> 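Please read through the structure below; I'll follow up with questions.
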Amino acid sequence: MFARRHFMAATAALAMLAGAPALAQEKTDFRVAWSIYVGWMPWGYLDESGIMDKWAEKYGITVDIVQINDYVESINQYTAGAFDGVSATNMDTLSIPAGGGVDTTALIVGDFSNGNDAVIVKDGGLADLAGKPVNLVELSVSHYLLARALDSVDLAERDLGGVINTSDADMIAAFTTSDVQAVVTWNPLVSTILEEPNATKVFDSSDIPGEIIDLMVVNTDTLAANPDFGKALVGAWYEVLSLMAAGDEEVLTAMAEASGTDLAGYKAQLESTEMFYDPAAAVTFTKGAELPTTMVNVAEFLFDKGILGEGAPSPDFVGVEYPDGTTTGDPNNVKFRFDTTYMQMAADGAL
């Protein structure tokens with residue numbers, strides 16, 4: 001049920017031709033897209049519960065929350081200007097809208113994977129992957145996790161016996177075949193595969209904490225012209241997260257069922273997800289010294305795979321701006337911004 005994990009780069013031409021205008025106008029009606037993932041289930045709940053409507057009414061606007069089953073398509077539609085915001089990972093935000101020229105702001109830093117993604121082998125340890133094939137969803141966060149895992153033991157993808165693109169729908173069955181030596185995947189698939197007696201987890205996202213980050217991103221110009229849009233989204237989000245943090249089982253059960261699992265299954269997924277229930281914690285993380293390093297690693301991975309924007313000449317092609325105003329990448333082509341303004345307002349009780 002982790003649809004966020006599939007990604008392929010949208011074409012830059014689509015973004016340039018159909019993206020939001022450079023100077024957004026004030027407006028009252030907004031659209032936000034999201035897809036199924038443990039850390040994004042609050043978007044469905046705040047929509048169905050009426051919490052979003054309550055916050056939108058407070059600011060005299062309307063916010064249409066739209067679930068899209070195809071995660072990549074949701075980002076493509078946002079990039080094309082059909083939505084004002086979308087749930088996305090830091091990696092996919094950099095490669096698709098930002099890489100395509102659409103200036104995008106991380107309004108909410110919601111969580112990071114803290115064990116949900118894993119490298120699983122049948123024999124040996126991580127270093128023993130040399131010469132062996134590895135099955136994963138190619139050009140996904142699994143691919144990124146594999147790169148980081150190999151780097152930790154001074155190996156590279158070229159040292160493997162190949163990377164075999166395998167659908168998440170086929171991953172469990174694939175692991176049971178004799179040809180498959182190792183897989184990289186995500187929960188709940190990880191939990192199921194680890195039930196096999198010959199399965200050993202040798203690396204997971206808790207080994208690179210804070211690198212696979214889940215966000216709500218919005219069009220930078222739209223946000224600048226309509227700050228009440230940001231206030232309403234952030235206010236609704238943290239109202240739901242406060243219910244989750246309090247262990248409200250009615251709320252958690254609704255999210256579990258909407259994501260295709262039960263309460264116990266959803267709680268298990270949350271255990272390997274570092275949710276920022278407290279907006280102050282999200283602000284601290286976003287202002288941390290580690291984030292720029294993470295984004296440089298991500299940019300290098302995307303460039304190496306040829307998906308950091310159309311014709312990107314180097315990993316520095318897209319500029320990324322942080323809350324203190326510093327940047328990584330090209331400071332003259334900043335298209336991805338981490339802004340803690342609205343999360344700080346939530347922390348201060350100012351919404």
Side-chain angles (χ1 to χ4, degrees), residues 2 4-10 12 15 37 39 71-72 75 78-79 86-114 116-117 119 136-152 156-157 163 184 186 203-217 274 282 285-323 326-331 333-339:
F2 279 40
R4 104 203 198 284
R5 307 264 173 201
H6 306 251
F7 90 92
M8 295 293 288
Y37 165 63
Y71 167 62
V72 177
I75 301 180
Y78 160 78
T79 303
V86 67
S87 58
T89 66
N90 55 321
M91 184 163 67
D92 298 335
T93 300
L94 184 60
S95 67
I96 303 178
V102 176
D103 199 323
T104 297
T105 293
L107 178 72
I108 298 171
V109 177
D111 71 84
F112 63 79
S113 175
N114 197 29
N116 274 323
D117 302 81
V119 180
L136 48 70
V137 177
E138 202 169 11
L139 302 179
S140 71
V141 290
S142 291
H143 210 150
Y144 174 77
L145 183 72
L146 175 64
R148 297 288 285 122
L150 293 174
D151 185 60
S152 73
E157 190 174 321
V163 167
V184 188
W186 52 82
F203 194 90
D204 68 29
S205 51
S206 68
D207 294 307
I208 52 166
E211 293 195 25
I212 300 174
I213 311 168
D214 300 299
L215 312 166
M216 170 53 66
V217 302
E274 186 65 32
F285 173 82
T286 309
K287 290 184 174 181
E290 297 83 4
L291 184 57
T293 300
T294 293
M295 294 308 301
V296 168
N297 287 336
V298 169
E300 290 175 347
F301 170 82
L302 293 172
F303 178 73
D304 180 61
K305 299 303 177 186
I307 48 178
L308 183 63
E310 187 75 19
S314 77
D316 294 328
F317 174 58
V318 179
V320 181
E321 184 178 82
Y322 304 94
T326 61
T327 61
T328 56
D330 186 351
N333 186 38
V334 173
K335 297 298 180 183
F336 188 2
R337 305 168 195 270
F338 286 92
D339 186 351

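For the numbers below, each heavy atom of this structure counts, side chains included, while hydrogens, waters and symmetry mates do not. The model shown is predicted, which means the values in this text are computed figures rather than measured ones.
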> Could you give the distance from CD1 (I208) to OG (S152), rounded to the nearest 0.5 Å?
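With rounding to 0.5 Å, CD1 (I208) is 9.5 Å from OG (S152).
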> Any heavy-atom pair between the side chains of W186 and V137 that's under 4.5 Å?
yes
> With no hydrogens and no angle check, is any side-chain donor or acceptor of T104 less than 3.5 Å from a backbone partner on V102?
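Answer holds: yes.
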> Distance from L145 atom CG to F203 atom CZ, nearest 0.5 Å?
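If we round to the nearest 0.5 Å, L145:CG and F203:CZ are 6.0 Å apart.
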> Just verifying a value: how many Å separate D214 CG and S113 OG, rounded to the nearest 0.5 Å?
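If we round to the nearest 0.5 Å, D214:CG and S113:OG are 7.5 Å apart.
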> Which of these passes side chain to side chain donor-acceptor pair (under 3.5 Å) with R337: T105, D103, T327?
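Among T105, D103, T327, the one that satisfies the side chain to side chain donor-acceptor pair (under 3.5 Å) with R337 is D103.
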> Do M91 and H143 come close enough that some side-chain heavy atom pair is under 4.5 Å?
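The answer is no; the side chains never approach within 4.5 Å.
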> Just verifying a value: how many Å separate M295 CE and E300 CD, rounded to the nearest 0.5 Å?
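These two atoms lie 11.5 Å from each other.
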> Look at the rings of Y322 and F338 and say which category their plane angle falls in: under 30° parallel, 30 to 60° tilted, over 60° perpendicular.
parallel
> Taking atom CZ of F303 and atom CG of L94, what is their separation to the nearest 0.5 Å?
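One finds 12.5 Å between CZ of F303 and CG of L94.
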> Go through the steps for I213 and L291 under the test side-chain contact (heavy atoms from CB on, under 4.5 Å), then give the verdict.
CA-CA 10 Å; I213 311 168; L291 184 57; 3.6 Å; yes
> Are the side chains of Y78 and I96 in contact, using a 4.5 Å heavy-atom criterion?
no
> A side-chain contact here means heavy atoms from C-beta on lying under 4.5 Å apart; do D204 and D207 qualify?
yes
> Please step through side-chain contact (heavy atoms from CB on, under 4.5 Å) for the pair F301 and R148, ending with a clear verdict.
CA-CA 9 Å; F301 170 82; R148 297 288 285 122; over 6 Å; no
> Judged by atom type as modelled, is there a donor-acceptor pair below 3.5 Å linking the side chain of N114 to the main-chain atoms of P209?
no
> Between D117 and V184, is the side-chain contact (heavy atoms from CB on, under 4.5 Å) condition met? List the steps.
CA-CA 7 Å; D117 302 81; V184 188; over 6 Å; no
> side-chain contact (heavy atoms from CB on, under 4.5 Å) for Y37 and N116? Distances and angles first, verdict last.
CA-CA 11 Å; Y37 165 63; N116 274 323; 3.9 Å; yes
> State whether the side chain of D92 and the backbone N or O of V72 hold a donor-acceptor pair below 3.5 Å, judged by distance alone.
no
